[in-house]
Chemist: 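Below is the structure I would like to discuss, written out as C-alpha cells.
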Number of protein chains: 2
Amino acid sequence: MAIERHVPVAEQVAILLHGRIADGTYAPGDRLPSEAELADELAVSRGTVRSALAVLATAGLIVRRQGDGTYVTGVMSAERSLMHVMWEFTRAIELSGHVPSIRVVSLQQRPATEKEAAALNIGLGEQVLSVLRVIHADERPAFLSTNVHPANLFTQAIDQLDGTIEMRRFLQRYCNREIVCGDMDVSAAMPSAEVRDALSLGANVPVLLVESVFYDADGRPLVLSTSYYGGDKLSFHDVRRSYPWAKTR
Amino acid sequence: MAIERHVPVAEQVAILLHGRIADGTYAPGDRLPSEAELADELAVSRGTVRSALAVLATAGLIVRRQGDGTYVTGVMSAERSLMHVMWEFTRAIELSGHVPSIRVVSLQQRPATEKEAAALNIGLGEQVLSVLRVIHADERPAFLSTNVHPANLFTQAIDQLDGTIEMRRFLQRYCNREIVCGDMDVSAAMPSAEVRDALSLGANVPVLLVESVFYDADGRPLVLSTSYYGGDKLSFHDVRRSYPWAKTR
DNA sequence: TAGTGGTCTAGACCACTTG
DNA sequence: AAGTGGTCTAGACCACTAC
C-alpha cells in the first residue's frame with residue numbers, strides 16, 4: 001500500500017483557487033470572493049483561506065488590497081526567478097516558447113578539486129559526481145552546464161543514474177534532497193574555444209557565466225553548478241523578499 | 001504631533017529576535033527557545049511568534065526542523081537577491097567590502113521613446129524623467145545606469161530632485177511608491193565606446209547588461225532601468241519561492 | 001514518550017477603502 | 001456605514017524527532 005500523504009487543507013485550497021484562476025473562473029482583473037465567503041463555501045476557517053491566498057499573492061497571481069479586495073493579476077508563472085531558471089533549464093526554455101532537450105556529454109566520478117571541495121564543504125580529494133551536459137532549445141545549443149555533487153549523496157551505482165533529467169529532479173530522485181536556496185555569481189565572459197564550439201557561437205560573442213552553489217533546507221551544499229549561456233538574454237521575474245519592516249528612512 | 005504608526009506585534013517580535021541573533025545572544029548553531037517558551041516570555045500568542053520566526057526563516061537566518069527545534073544558521077544578510085542588488089547598488093557595493101558613491105551624469109525630462117512607453121505602460125511621447133548615473137566602488141566606476149520614470153509620478157520641479165540617492169529611496173521620497181517586484185533581463189554584451197569609456201574598461205572586455213522594469217504592489221511600472229556592469233561578477237543569494245506543493249513527481 | 005514544530009479552528013478587533 | 005483584508009488570541013490536534 002502506498003504511503004498515505006497528508007495534504008494540508010490550505011494547500012488544497014491554494015490548488016483549487018489556482019485552478020479557478022487558470023481555467024478562467026476567476027479571470028484577470030476580477031475580484032475574488034472575500035475571505036469570509038471563500039471560507040464559508042469551502043467549509044474551512046478564514047485563517048486557512050488566508051494561508052492559501054498568501055501563497056498565490058507571493059507567486060504574483062493575485063493582488064490584495066486592504067479595504068478593497070483581492071484581484072487576479074493575469075501573471076501565471078510562479079517559477080521565474082533566476083534560481084529556478086538555473087535549476088530547471090528546460091522549464092525556462094519551455095516558458096520562452098521553445099522545445100528543450102538535454103544531452104549528456106559525460107557523467108563521471110572523480111576526486112574533488114580544491115575549489116569544488118571548498119564550495120561543497122567536503123575534504124579535498126573526496127569523491128564527487130560530475131555531470132557535463134548541453135541543454136538545447138529547438139535543437140540549438142543554449143546552455144553548457146557542469147554539475148558537481150558530493151558523491152556520498154548517492155547510493156546508486158554511477159551507471160544507474162539518468163543524466164538527462166533536470167538537476168532538481170535528479171537530486172530528488174537519487175538523493176531525496178530538495179533544493180531550497182542558492183548562492184549565485186553572474187558574469188560576462190569571452191568563451192573558451194571549447195565553450196564556443198559546444199554552443200556553436202561566432203567569434204567575439206560574449207557569453208553569460210553563472211556559477212552557483214545550491215543548498216538544501218539544512219544548509220548542506222548539494223551541487224556546484226557552472227553554466228555558460230550563449231543565447232540572447234536570460235529573463236526572469238523577482239519578488240521582494242527583504243524584511244517588511246526594513247523601511248528606508 | 002507625529003503620525004502614530006501602528007507596529008504589528010509579530011514585527012516587533014521579529015525585530016527583537018533578529019537583534020538577539022545579531023548580537024550573539026543566539027549564536028550560530030544554537031537552538032532557539034521553543035515557540036511556546038518565546039510566546040510565554042514575550043506574552044504573545046504562539047501564532048504571533050510563528051509569524052516572526054517565519055520571516056527570519058525566509059530570510060535564511062534560522063532553520064526550523066519539525067520535532068527537533070529552531071537553529072541559528074549564521075547567515076545574516078536578508079537582502080542579497082539580484083533585484084536588491086539592482087535597486088540598491090550602494091548596499092551591494094558595501095556588502096562586497098567597498099565604499100560606494102553615486103555621480104549624476106544627467107537628469108532630464110523628455111518624451112518617452114516607443115520602448116519606454118511600452119515598458120512603463122504610458123502613451124508614446126508622454127513625459128518621462130530620465131536619470132543617468134555612474135556608481136563607483138572605491139572611486140572606480142562599477143555601474144553605468146539609466147533610470148527612466150513616468151514623469152507624472154513626480155510633483156516636484158525637476159531641479160528639486162536629488163539624483164544621488166538610491167533609486168528605491170528616490171521613489172519613496174518623491175513618489176511615495178514602494179518597489180515590490182521586477183522583471184529583469186540579464187545578458188552579456190560588448191560595450192559601446194561610450195559605455196567602455198564611462199566604466200574605464202580595456203578593449204574586448206565584455207560587460208553585464210541588466211534591463212529591468214520595477215513595479216509597485218499594484219503592478220504599476222515605476223521605472224525602466226538599464227545598467228551596465230563592468231566589474232568581475234555579480235554575487236547574490238536566492239531562496240526558493242515556487243509553490244510548496246509543486247513537487248516534481 | 002516527551003517535546004518540538006506544523007496545521008487548523010473560531011472568534012475578536014483593527015485599518016482601510018468604497019459607497 | 002458596510003465590507004474588505006490585516007492582525008492577534010487561545011486552544012486543539014497532528015507529524016516528526018530525539019531521548
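Residue numbers start from 1 in every chain, and the chains themselves are labelled A, B, ... in the order their sequence lines are given, proteins ahead of strands.
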Chemist: D:dA18, D:dT9, D:dG6: which one has an atom nearest the side-chain heavy atoms of A:R46?
Modeler: D:dG6

Chemist: Do A:Y174 and A:D162 meet the criterion of a side-chain donor-acceptor pair at a distance under 3.5 Å?
Modeler: no

Chemist: Of all the nucleotides listed (D:dT9, D:dC16, C:dT9), which has the minimum atom distance to the side chain of B:Q66?
Modeler: D:dC16

Chemist: Round to the nearest Å and state the distance from B:L53 atom CG to C:dG5 atom P.
Modeler: 8 Å

Chemist: Might you confirm whether atom CD of B:E114 has over 12 heavy atoms from other residues, nucleotides or ligands at distances under 6.0 Å?
Modeler: no

Chemist: With respect to the phosphate group of D:dT9, does any side-chain polar atom (N or O) of B:T48 fall under 4.0 Å of OP1 or OP2?
Modeler: yes

Chemist: Without decimals, in angstroms, what is the distance between B:D40 CG and D:dA10 P?
Modeler: 11 Å

Chemist: Could you tell me the separation between the CZ atom of A:R31 and the C1' atom of C:dT17, rounded to a whole number of Å?
Modeler: 10 Å

Chemist: Between B:R64 (CZ) and C:dG3 (P), how many Å, whole number?
Modeler: 18 Å

Chemist: May I ask you to evaluate whether B:S34 reaches the phosphate of C:dT4, defined as a side-chain N or O under 4.0 Å from OP1 or OP2?
Modeler: yes

Chemist: Between D:dG6, C:dT18, C:dT4, which nucleotide gets closest to the side-chain atoms of B:E37?
Modeler: C:dT4

Chemist: Between A:D68 and A:V44, which residue's closest nucleotide on DNA chain C lies nearer the 5′ terminus?
Modeler: A:V44

Chemist: Figure out the CD/C1' separation between B:E11 and C:dA15, and round it to whole Å.
Modeler: 15 Å

Chemist: So which of A:V85, A:V186, A:V210 actually passes side-chain contact (heavy atoms from CB on, under 4.5 Å) with B:V186?
Modeler: A:V186

Chemist: Please classify the nucleic acid contact of A:T70 as base, sugar-phosphate, or nothing, using heavy-atom distances under 4.0 Å.
Modeler: sugar-phosphate

Chemist: At under 4.0 Å between heavy atoms, what does B:R50 touch on the DNA or RNA strands: base, sugar-phosphate, or nothing?
Modeler: base

Chemist: Atom CG of B:L38 to atom C1' of C:dT4: distance rounded to whole Å?
Modeler: 12 Å

Chemist: Answer yes or no: is there a donor N or O on one side and an acceptor on the other, between the side chain of B:T73 and the main chain of B:L61, under 3.5 Å?
Modeler: yes

Chemist: Which nucleotide sits closest to the side chain of B:E35: D:dT4, D:dG6, C:dG5?
Modeler: C:dG5

Chemist: Can you tell me if the side-chain N/O atoms of B:R65 get under 4.0 Å from OP1 or OP2 in C:dT4?
Modeler: no

Chemist: Any chance CG of A:D23 has more than 12 other-residue heavy atoms, nucleotides or ligands included, within less than 6.0 Å?
Modeler: yes

Chemist: Rounded to whole Å, please give me the gap between CD1 in B:I62 and P in C:dT4.
Modeler: 15 Å

